[in-house]
Amino acid sequence: MKTRALGMVGLLAVVIAAIFGLFVVPPDANQGDAQRIMYVHVASAWLAYLSFGVTALGGLLFLWKRDLRFDAVALAGAEVGVMFTAFAIWGGMMWGKPVWGTFWQWEDPRLTTTALLLALYVGYLLLRHLTDDPMRRATRAAIVGLVAAVDIPIVHFSVVWWRGLHQTATFGDPAKLLHPSAPLLFVVALMGMLTAFTIVWAYLMIRRYQLARTAWQIEEHGRLGRISAARQAAVRPVRPVAEPHPEEVGS
Amino acid sequence: MNDALFVIAGYGVILGGLAVYAVTLARRLRAAREESLRIRRDARQGSEPGR
Amino acid sequence: MTIARPAEPPLPQRRRRWGLIAAVAVVLAVIGYFAFSSIGDALVYYLTPTELMARGDAAYGQSVRLGGLVKAGSIEQGASADLTFVLTDQTTDVTVHSDTLPPSSFRENSGAVVEGTLQSNGTFQASQVLVKHDENYVAPSGSAVPSHVTP
């Protein structure tokens with residue numbers, strides 16, 4: 001119930017932030033209306049980082065405590081993070097075409113490392129299908145999740161370390177952001193969208209975690225069922241011969 | 001202007017995608033919970049006559 | 001005959017663990033290679049005018065990306081899609097000519113990245129003009145700003 005309320009608050013916040021970013025805030029003097037995409041683009045990228053950070057942390061805690069609940073948290077982060085990475089890339093393309101003059105540039109370090117980030121976590125999700133053993137699956141996923149997390153700081157600092165088309169981080173220099181020349185409405189619009197997306201993210205993470213736990217319970221039950229069935233099959237020959245097999249007679 | 005189309009495409013896919021994911025997730029969760037409940041009920045009924 | 005030797009099971013598991021560690025090491029090595037090879041010259045997204053000119057005769061006819069600032073007052077836009085401007089890194093200037101229209105955000109004193117080749121006459125023939133903007137967003141001056149916003 002509380003989770004549903006969180007989802008409702010998130011929905012409301014996103015609607016308000018979108019109206020604010022689309023209609024209230026003036027367009028950028030140089031880029032025009034296309035700059036409005038920045039609000040959803042940056043918010044998506046931020047939540048992609050956060051999701052994959054949670055995946056790494058969940059993996060680390062799983063390896064330490066051997067508790068499958070941490071693996072469920074890591075899985076939630078990976079799936080939600082893949083979605084937000086795809087959104088960040090899509091928003092970036094829709095912003096890049098009118099402003100840069102191109103949808104995509106393969107040699108740009110920010111774009112290439114982000115594409116790698118998406119590929120790594122799609123790989124993480126695929127890898128989870130390789131084995132039915134929950135502990136082994138969680139262990140492998142945790143290691144891959146930790147290795148893939150190396151790309152998170154590479155993506156973030158790619159605009160500082162290497163030359164590219166992509167501008168440096170919006171929040172890279174707080175002094176610049178809080179400078180009087182930075183329009184306050186832009187800052188408010190971005191902070192609003194970041195907050196709204198983060199609330200929605202928390203809601204989705206909780207729901208995805210619940211799904212992972214429920215799926216695990218179903219999986220576990222199937223395993224127990226197979227074990228008890230095997231045990232019964234092994235016991236059956238010892239039973240008295242006079243008793244007919246109930247499975248064959250009934251239904 | 002032409003820019004508006006990109007803004008609509010950007011916001012539309014991202015916000016629409018979020019909504020679709022949220023709805024799909026809720027549906028997956030409901031299906032899983034029903035399945036889990038059904039299995040537990042079946043297990044209780046299945047084991048009772050034997051004991 | 002049916003008695004399993006107790007020493008048998010742990011061995012494959014240990015071997016599998018080493019396989020896993022090896023796989024992780026390979027992935028890390030590949031990531032590391034990509035990360036550090038691009039610090040070098042192998043994956044530079046664009047050259048500055050000074051770097052291009054430093055190549056001397058080798059620069060001519062080579063397909064490269066050139067990045068810099070659009071020099072103030074240098075933009076000459078002819079009929080429909082005939083654009084000439086000067087790209088500078090404050091040390092070296094390169095005159096760029098393009099037959100394709102740049103995006104509407106193209107301005108003097110803003111960053112640009114052009115893709116093309118340096119001709120023997122010293123001008124750079126660009127097949128694509130991209131605008132590299134920075135992260136400073138500016139509210140439009142004049143009536144477009146809501147009255148309650150102080151510039």
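Letters A, B, ... mirror the listed sequences (proteins, then strands); counts begin at 1. These figures come from a predicted structure and were not determined experimentally.
Between C/Y46 and A/G164, the closest heavy-atom pair is CE2-O, 3.6 Å. Nearest heavy-atom pair, C/L130 versus C/Y45, reported as atom, atom and distance to 0.1 Å: CD1-OH, 3.8 Å. In this structure, A/A29 and C/R107 approach most closely via the heavy-atom pair O-NH1, 4.1 Å.
In this structure, the side chains of C/D99 and C/D82 come closer than 4.5 Å at one or more pairs of heavy atoms.
Between A/F84 and A/F87, the ring planes are perpendicular. Angles over 60° get that label, and only those under 30° would be called parallel. Ring geometry, A/W95 versus C/H133: the interplanar angle falls from 30° to 60°, so the pair is classed tilted.
Under the 4.0 Å criterion applied to side-chain N and carboxylate O atoms, A/R69 and A/D67 are assigned as salt-bridge partners. A salt bridge links C/E51 to A/R163: one of the charged nitrogens lies within less than 4.0 Å of a carboxylate oxygen.
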*asked:* Could you walk me through whether C/T48 and C/T50 satisfy the side-chain hydrogen bond (donor to acceptor under 3.5 Å, both in side chains) test, starting with their C-alpha distance in whole Å, then the side-chain angles of each, then the deciding distance to 0.1 Å, before giving a yes or no?
replied: CA-CA 5 Å; C/T48 64; C/T50 305; 4.7 Å; no
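Residues of residues 58-70 of chain C lying under 4.5 angstrom from chain A, judged on non-hydrogen atoms, are C/R65 by number. The interface of residues 110-127 of chain C with chain A, defined by heavy-atom distances below 4.5 Å, comprises C/V113, C/E115.
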